[in-house]
Novice: 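Below is a structure I'd like to ask you about.
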Amino acid sequence: MSQAFDAKAFLRAVTEQPGVYLMFDDTGTILYVGKAKNLRKRLSSYFRASVSSEKTRTLVRQIADVQVTVTHTETEALILEHNLIKQHLPRYNVLLRDDKSYPYILITEHRHPRLGIHRGPRKKRGEYFGPYPNGNAVRESLHLMQKLFPVRQCEDSVYANRSRPCLQYQLKRCAGPCVPGLVSDEEYAHQLQLARLFLQGKNQQVLTDLADSMEQASRELRFEDAARFRDQLQALRRVQEQQFVSGNILDDLDVIGLAVERSQACVQVLFIRQGKVLGGRSYFPTMPADTEAEEILQSFLLQFYLSGINGREAPAEILLDRTLPDEPLLSDTLSQHFGRRIRLRSRLRTERARFVRLAQTNAHTALASRLAHKSTQRQRLRQLEEILELADITRLECFDISHTMGEKTVASCVVFGQEGPLKSEYRRFNIAGITPGDDYAAMGQALERRFQQAEPDKLPDVLFIDGGLGQLSRAEDVLARLLVDSPKQPLLVGVAKGVTRKPGLETLVMGGSHEERHLPADLPALHLIQHIRDESHRFAITGHRAQRGKARTTSSLETIPGVGAKRRQALLKYLGGLQEVKRASVDELAKVPGISQALAEKIHDALHH
């Protein structure tokens with residue numbers, strides 16, 4: 001414990017009201033944020049003569065100051081604690097790094113509503129179904145629904161500018177509401193209602209409706225319609241046989257399972273909507289060693305649901321795999337945050353207990369896989385240290401260049417640590433001012449921008465260059481100039497593809513000596529080098545394609561005076577793409593919001609002459 005902090009004097013003065021406490025070290029850095037129903041009682045537990053937790057003993061030894069904030073209620077303290085953890089990210093708190101949005105299926109408000117995917121805040125008017133664990137799950141559901149219900153999934157801009165039905169109509173996956181006369185508003189509304197019921201999990205109601213519609217069409221001698229309803233009925237029954245649906249549960253649930261092993265934790269969340277398991281997602285919060293499972297789960301719940309990331313909401317019922325001491329308080333806090341009743345349940349039986357076991361199984365499986373991957377990564381790294389004759393490699397970087405015939409050159413820098421990729425530290429460099437296709441100049445510019453003002457603790461131990469001796473020599477020249485006074489000098493290694501460009505036949509060109517080394521194709525250290533090289537290539541080519549696509553889709557409009565970003569967006573959105581803008585007449589251009597007749601003439605003239 002810091003000598004500057006007098007725990008006894010502090011505890012005599014601290015209040016017994018509810019509130020939040022912040023623990024600081026001697027540099028003023030926040031070590032830990034906690035909440036308490038009784039601040040004096042809770043803080044006294046840290047400074048007892050005998051403390052069982054190694055984590056708490058390590059924390060207390062570093063405390064130089066403690067500050068408290070009193071709140072009216074324990075619920076207020078819980079919310080304030082969450083906000084302070086989110087703001088300061090103290091290293092002794094459990095931290096959930098999750099900024100990913102959850103996709104929903106959206107039925108829009110429209111004369112002919114569309115089914116589509118939606119991410120982010122739910123500001124658009126319409127009906128939302130989800131959330132789904134990832135975009136693939138939504139796309140699979142939408143693809144399935146296209147086969148079952150002929151409801152349009154095209155964008156409104158495409159729908160508004162069709163003069164004849166698209167291929168989806170020919171494939172009988174859309175009723176073609178964009179073209180008058182193909183489907184009545186009543187029949188389209190009927191198919192939309194069936195899709196809505198299907199998304200709500202009311203499959204039996206959909207089957208009954210289709211059977212009744214088939215019989216009615218048959219009685220009225222509308223045999224083509226009867227055959228269509230029959231085909232829908234058969235397709236839905238096949239789908240129902242393949243889908244897992246719980247017996248009697250038709251509620252919205254989130255099911256949370258926790259696995260803890262070797263100072264690592266995995267929290268698995270299963271999303272169940274109307275009895276269907278939409279999928280799950282695994283989370284690996286960062287935490288100090290020796291953290292209690294209950295603290296991990298409670299911190300996860302608050303950060304997961306109170307963060308408000310991209311419109312995330314909680315269902316009416318959240319199932320937990322263990323009982324938490326503050327379960328009623330957490331339930332009240334979530335209810336207050338969302339403005340409706342939310343129940344946390346941990347004592348479960350029958351079907352709900354089966355869902356919890358499923359979440360636990362997935363959490364243990366995901367954690368075992370992650371630990372195995374980390375173990376493999378460490379083995380590869382140790383072998384690489386032996387081959388390169390380096391001790392304790394903590395940071396690896398790799399540079400790559402991507403372009404098409406010299407167009408929109410992009411350089412990538414990917415970073416690996418001892419446990420794998422550090423994606424938050426990846427960087428891209430848009431290369432300019434060089435001769436198109438000059439990879440050496442591109443590499444030189446990227447390295448200069450990376451190492452011009454590099455922090456000493458951010459310098460890599462090994463710097464891989466995707467290329468042969470020429471690229472490596474350019475890198476040596478740049479680093480010799482920029483890092484001449486640096487106490488840490490990265491080891492440069494060129495990774496040249498063999499003549500056949502097959503994995504396993506790479507040649508390593510060592511910096512300085514320019515010695516060529518060939519590693520066995522089955523060597524784990526080579527697999528690590530290949531992983532880093534492939535990741536740098538992927539990251540570079542993704543950035544290059546984005547730059548190239550941006551240039552090709554907007555360059556012709558960007559050159560027109562008076563057409564800024566908002567007007568370009570309006571033209572592309574209203575007319576349905578650049579090709580439709582080019583085909584449009586002056587009168588059609590003038591109908592776009594924000595485009596006057598004079599500007600429409602200027603745009604038309606610029607695009608055609």
Novice: Are the side chain of Asp321 and the backbone N or O of Leu258 linked by a donor-acceptor pair below 3.5 Å?
Specialist: yes
Novice: Check whether the ring centres of His112 and Tyr188 lie less than 6.0 Å apart, and answer yes or no.
Specialist: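 Judged by ring-centre distance (under 6.0 Å), His112 and Tyr188 do meet the cut-off.
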Novice: How long is the span from the OG1 atom in Thr108 to the NE2 atom in His118, to the nearest 0.5 Å?
Specialist: 12.0 Å
Novice: Quick check: does any side chain N or O of Ser369 sit under 3.5 Å from a backbone N or O of Thr365, one acting as donor and the other as acceptor?
Specialist: no
Novice: So Leu330 and Leu78, do their side chains get closer than 4.5 Å, heavy atoms only?
Specialist: yes
Novice: Are any of the side-chain heavy atoms of Pro421 and Val415 separated by less than 4.5 Å?
Specialist: no
Novice: State plainly whether the residues Arg345 and Glu327 are in salt-bridge range, i.e. N to O under 4.0 Å.
Specialist: no
Novice: Does the ring of Phe338 carry Arg340 above it, NZ/CZ under 6.0 angstrom from centre and within 45° of its axis?
Specialist: yes
Novice: Can you find a pair of side-chain heavy atoms, one from Gln298 and one from Leu320, that are under 4.5 Å apart?
Specialist: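 No, their side chains stay 4.5 Å or more apart.
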Novice: Could you pull out the closest heavy-atom pair between Pro90 and Ile85, with the gap in Å?
Specialist: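 Looking at all heavy atoms of both residues, the shortest contact is CD-O, 3.9 Å.
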Novice: Taking the ring centre of each residue, are Phe198 and Phe149 less than 6.0 Å apart?
Specialist: yes
Novice: Quick check: closest heavy atoms across Tyr104 and Val138, and the distance to 0.1 Å?
Specialist: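 So the two residues come closest at O-CG1, 4.3 Å.
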Novice: When you measure from the side chain of Asn161 to the backbone of Ser157, do you find a donor-acceptor pair of N or O atoms at a distance under 3.5 Å?
Specialist: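 Yes, the answer is positive, given that a donor and an acceptor are paired below the 3.5 Å cut-off.
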Novice: Does the ring center of Tyr305 lie less than 6.0 Å from the ring center of His337?
Specialist: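 Distance test on ring centres: not under 6.0 Å, no.
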Novice: With a 4.5 Å limit on heavy-atom distance, are the side chains of Val581 and Leu589 in contact?
Specialist: yes
Novice: Does NE2 belonging to His190 count more than 12 external heavy atoms closer than 6.0 Å?
Specialist: yes
Novice: So, are Asp156 and Arg111 salt-bridged, with charged N and O less than 4.0 Å apart?
Specialist: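 The answer is no: the pair does not qualify as a salt bridge.
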Novice: Taking atom CG of Leu302 and atom CG of Asn83, what is their separation to the nearest 0.5 Å?
Specialist: 10.0 Å
Novice: Does any non-hydrogen side-chain atom of Leu199 lie less than 4.5 Å from one of Ile105?
Specialist: yes
Novice: Check whether Thr333 reaches the backbone of Leu329 with its side chain - one donor and one acceptor, N or O, closer than 3.5 Å.
Specialist: yes
Novice: Determine the minimum heavy-atom distance between Val179 and Pro165, stating which atoms define it.
Specialist: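 Looking at all heavy atoms of both residues, the closest pair is CG2-N, 3.5 Å.
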Novice: Could you walk me through whether Phe429 and Cys413 pass the side chain to side chain contact (heavy atoms under 4.5 Å, CB included) test, one step at a time?
Specialist: CA-CA 8 Å; Phe429 305 91; Cys413 169; 4.0 Å; yes
Novice: Consider side chain to side chain contact (heavy atoms under 4.5 Å, CB included). Of Arg538, Lys423, Glu535, which one does Val414 pass it with?
Specialist: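 The side chain to side chain contact (heavy atoms under 4.5 Å, CB included) with Val414 is passed solely by Glu535 among Arg538, Lys423, Glu535.
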Novice: Can you confirm if the NZ or CZ of Arg114 lies within 45° of the ring axis of Tyr159 and under 6.0 Å from the centre of its six-membered ring?
Specialist: no
Novice: Can you see which heavy atom on Ala195 is nearest to which on Leu115, and at what distance?
Specialist: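 Result for this residue pair: CB-CD1, 4.5 Å.
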Novice: Could you measure the distance from the OG atom of Ser596 to the CZ atom of Arg567? Nearest 0.5 Å is fine.
Specialist: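 Answer rounded to 0.5 Å: 7.0 Å.
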Novice: Is the positively charged end of Arg281 above the ring of Phe271, judged by distance under 6.0 angstrom from the centroid and angle within 45° of the axis?
Specialist: no
Novice: Would you say the side chain of Gln87 lies within less than 4.5 Å of the side chain of Val33, judging by non-hydrogen atoms?
Specialist: no
Novice: Would you please test Arg162 and Cys154 for side chain to side chain contact (heavy atoms under 4.5 Å, CB included) and show each step?
Specialist: CA-CA 11 Å; Arg162 297 294 307 184; Cys154 62; over 6 Å; no
Novice: Can you tell whether the side chains of Glu588 and Lys591 come within less than 4.0 Å, N to carboxylate O?
Specialist: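 Not counted as a salt bridge, because no side-chain N and carboxylate O are separated by less than 4.0 Å.
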Novice: Let me confirm one number: the SG-CG distance from Cys174 to Leu167, rounded to the nearest 0.5 Å.
Specialist: 11.0 Å
Novice: Using only atom types and a distance under 3.5 Å, with no angle test, would you say the side chain of Ser412 pairs donor to acceptor with the backbone of Ser536?
Specialist: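 Yes, because the side chain of Ser412 sits within donor-acceptor range (under 3.5 Å) of the backbone of Ser536.
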Novice: State whether the side chain of Gln303 and the backbone N or O of Val94 hold a donor-acceptor pair below 3.5 Å, judged by distance alone.
Specialist: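 Yes, Gln303 side chain to Val94 backbone: donor-acceptor pair under 3.5 Å.
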Novice: For Leu358, is there any backbone N or O sitting under 3.5 Å from a side-chain donor or acceptor partner on Asn362?
Specialist: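 At least one qualifying donor-acceptor pair exists.
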Novice: I would like to know whether Leu253 and Leu270 meet side chain to side chain contact (heavy atoms under 4.5 Å, CB included); could you show each step before the answer?
Specialist: CA-CA 8 Å; Leu253 309 171; Leu270 293 181; over 6 Å; no
Novice: Can you list the residues that meet the side chain to side chain donor-acceptor pair (under 3.5 Å) rule with Gln336, with sequence neighbours excluded?
Specialist: none
Novice: For Leu142, is there any backbone N or O sitting under 3.5 Å from a side-chain donor or acceptor partner on Gln153?
Specialist: yes
Novice: Rounded to the nearest 0.5 Å, what's the gap from CG on Leu572 to CD on Glu580? Could you check?
Specialist: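 Leu572 atom CG to Glu580 atom CD measures 11.0 Å (nearest 0.5 Å).
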Novice: Excluding sequence neighbours, so at least two apart, what forms side-chain contact (heavy atoms from CB on, under 4.5 Å) with Arg428?
Specialist: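 Expected list: Val410, Phe539, Thr542.
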Novice: Give me the atom names and distance for the closest heavy-atom approach of Val151 to Pro113.
Specialist: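 In this case the closest contact between Val151 and Pro113 is CG1-O, 3.8 Å.
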Novice: More than 12 foreign heavy atoms under 6.0 Å from CD of Gln569: is that the case here?
Specialist: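 Not buried by this count: 12 neighbours or fewer within 6.0 Å.
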Novice: Quick one: are Ile318 and Arg343 in side-chain contact, heavy atoms under 4.5 Å?
Specialist: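 The answer is no, as the side chains (C-beta and beyond) never meet within the 4.5 Å cut-off.
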Novice: Show, in sequence, the C-alpha distance, side-chain angles and deciding distance for Ile256 and Leu297, and conclude whether the side chain to side chain contact (heavy atoms under 4.5 Å, CB included) test is met.
Specialist: CA-CA 9 Å; Ile256 299 178; Leu297 189 55; 3.6 Å; yes
Novice: Looking at every heavy atom in both Thr73 and Glu76, which two are closest together, and how far apart are they?
Specialist: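 That would be OG1-N, 3.1 Å.
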Novice: Test side-chain hydrogen bond (donor to acceptor under 3.5 Å, both in side chains) on Arg357 and Gln360 and set out the steps.
Specialist: CA-CA 5 Å; Arg357 287 195 296 273; Gln360 282 183 317; over 6 Å; no
Novice: Quick one: pull up CG in Asn93 and CG in Leu84 and give me the separation to the nearest 0.5 Å.
Specialist: 9.5 Å
Novice: Between Gln597 and Val586, is there a side-chain heavy-atom distance shorter than 4.5 Å?
Specialist: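 They are in side-chain contact.
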Novice: Let me see the working for Arg352 and Glu317 under salt bridge (charged side-chain N to carboxylate O under 4.0 Å, His left out), right down to the final yes or no.
Specialist: CA-CA 11 Å; Arg352 281 173 168 77; Glu317 198 171 332; 2.8 Å; yes
